[in-house]
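Working notes, beginning with the structure itself.
This one's a predicted model, so the numbers in the text were calculated from it and none came from an experiment.
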Amino acid sequence: HVTVTVEPSLQVAPYACQRRTPLDHPNPALVMALETLAEAALFAGEEARGLAFTRAASVLRCLPRALQGTHELSGLPCIGGHSHRVLQEVLEDGVCAEVEAVKQSERYQTMKLFTQIFGVGVRTADCWYREGLRSLGDLQSHGTRLTRQQQAGVECFEDLAVPVGRAEAEGLACLVLDAAARLLPSASVTLAGGFRRGKPHGHDVDLLLSHPEEGREVGLLGPLVAWLEEQGLLLYQHSQHSSYTTTAEPSSSCGPLDRFERCFTILRLVLPATGTGVRAWRAVRLDLVVVPHSQLPFALLGWTGSRHFERELRRFARHEREMVLNSHGLYNMRQGTFLPASSEEEIFQHLGLDYIPPTLRNA
Ligand code: ATP
Ligand code: MN
Ligand code: MN
């Protein structure tokens, strides 16, 4: 007789913040195809289409096993007709013609290059593309006007294209903690961003600065940045003052931006000693964010990512719970009150969600 092994059917919750999404997963080729189309749509200014592809890719990221065929897609959320066709092609042929064409296109390659420059978004990159610019050399030969930030981004381009390793990120966190603790005893430094999700590499280092006594963190950033400057470690910085007020209407509609005091920098990362003649440092991007103690769990949740996980948490809060979540707090619209939390776990509890640890937020 014949033995048939039936794979357990795939079940996926509709919001990414209800799912456990590890860094490594069994469907990389399918995810890559959809994420390339998502990126291309964003490069074309088509945000809704980009989001649709991102959502579909995120569903595939959380599957516990390789997709066997398109018959398995019917029970899954967020897979639209276009995504379905792309997945079918990759499953059958190994590649999708549309995705390959996008990757080969001058438009996609140039937009990818320009948006990789620190301080350059889709709009600027699009302007440059339409002016006929195609390379970093073109920016210079056309005398394109750059902001101070973009200037620094172009100058450090090659260094910043090299991923930051986990050990390097932890080294920087220690350096900043030592300096912060000298200026303000008991100051804390938390490594957030992709590294907190378990990524071995990142495009930058995201650090949250705080102090266990509310209010003591105020005034820390200026002297800290000045110290980095004195050490000759600062290649670029721009700071923003805190614009947070408790009277402000809570909002998650202003995008991922928050109102913490912060400093975006390019730092000189000192490298382990090597032979003579070898440069002893490399430029890396470091973001410093100053957070009052009572907001730390919200800031930690907001700065750990992934970007899609954050977007989904906020959408879930608003549409399923009538709450507004951002990096400062959680606001219950029906009761008109803020819900305090002393840990990320408590925020998930307030939202009625199972706790998802950072390493499973790679949505
Ligand atoms: P990578 O490893 O490539 O750095 P990442 O996941 O750390 O990836 P980042 O762009 O560094 O990505 O952002 C980390 C998190 O911090 C994101 O989830 C994002 O929501 C949040 N974040 C980044 N920039 C801002 C900002 N200007 N304001 C508020 N939140 C931000
Ligand atoms: Mn980061
Ligand atoms: Mn960052």
(request) Just say parallel, tilted or perpendicular for the rings of H328 and Y244, cut-offs at 30° and 60°. (result)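 Ring orientation of H328 relative to Y244: parallel.
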(message) I'd like to know if D178 pairs up with R182 as an ion pair, taking the criterion as any Lys NZ or Arg NE/NH1/NH2 lying under 4.0 Å from an Asp or Glu carboxylate oxygen.
(response)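 Looking at R182 together with D178, the answer is no, because their closest N to O distance does not fall below 4.0 Å.
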(request) Could you tell me whether E310 and R361 make a salt bridge, using a distance below 4.0 angstrom between a side-chain N and a carboxylate O? (result)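 No.
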Considering only distance and modelled atom types, tabulate donor-acceptor pairs under 3.5 Å from the side chains of residues 151-168, sequence neighbours left out.
residue: Q151; atom: NE2; partner: E155; partner atom: OE2; Å: 3.2
residue: D159; atom: OD1; partner: R279; partner atom: NH2; Å: 3.0
residue: D159; atom: OD2; partner: R279; partner atom: NH1; Å: 3.4
residue: D159; atom: OD2; partner: R279; partner atom: NH2; Å: 3.2
residue: D159; atom: OD2; partner: A283; partner atom: N; Å: 2.8
residue: R166; atom: NH1; partner: E170; partner atom: OE2; Å: 3.2
residue: R166; atom: NH2; partner: F195; partner atom: O; Å: 2.6
residue: R166; atom: NH2; partner: K199; partner atom: O; Å: 3.3
residue: E168; atom: OE1; partner: G165; partner atom: N; Å: 2.9
residue: E168; atom: OE1; partner: R282; partner atom: NH2; Å: 3.1
residue: E168; atom: OE2; partner: R282; partner atom: NH1; Å: 3.0

Whether [X] side chain and [Y] backbone form a donor-acceptor pair below 3.5 Å:
X	Y	answer
R268	G232	yes
R61	A363	no
N326	D258	no
R148	Q237	yes
T337	N332	no
Q240	R262	no
E72	T70	no

(request) Kindly check if the number of other-residue, nucleotide or ligand heavy atoms within 6.0 Å of NE2 (H142) is above 12? (result)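 Check passes, neighbour count above 12.
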(message) Please report whether the ring centroid of F118 lies less than 6.0 Å from that of F264.
(response)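 Distance test on ring centres: not under 6.0 Å, no.
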(request) Might you point out which heavy atoms bring L301 and F348 nearest each other, and give the distance in Å? (result)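 It is CD1-CE1, 3.9 Å.
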(message) Given the ring of Y129, does R107 sit roughly above its face, with NZ or CZ under 6.0 Å from the centre of the six-membered ring and within 45° of the axis?
(response)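 Yes, R107 sits over the ring of Y129.
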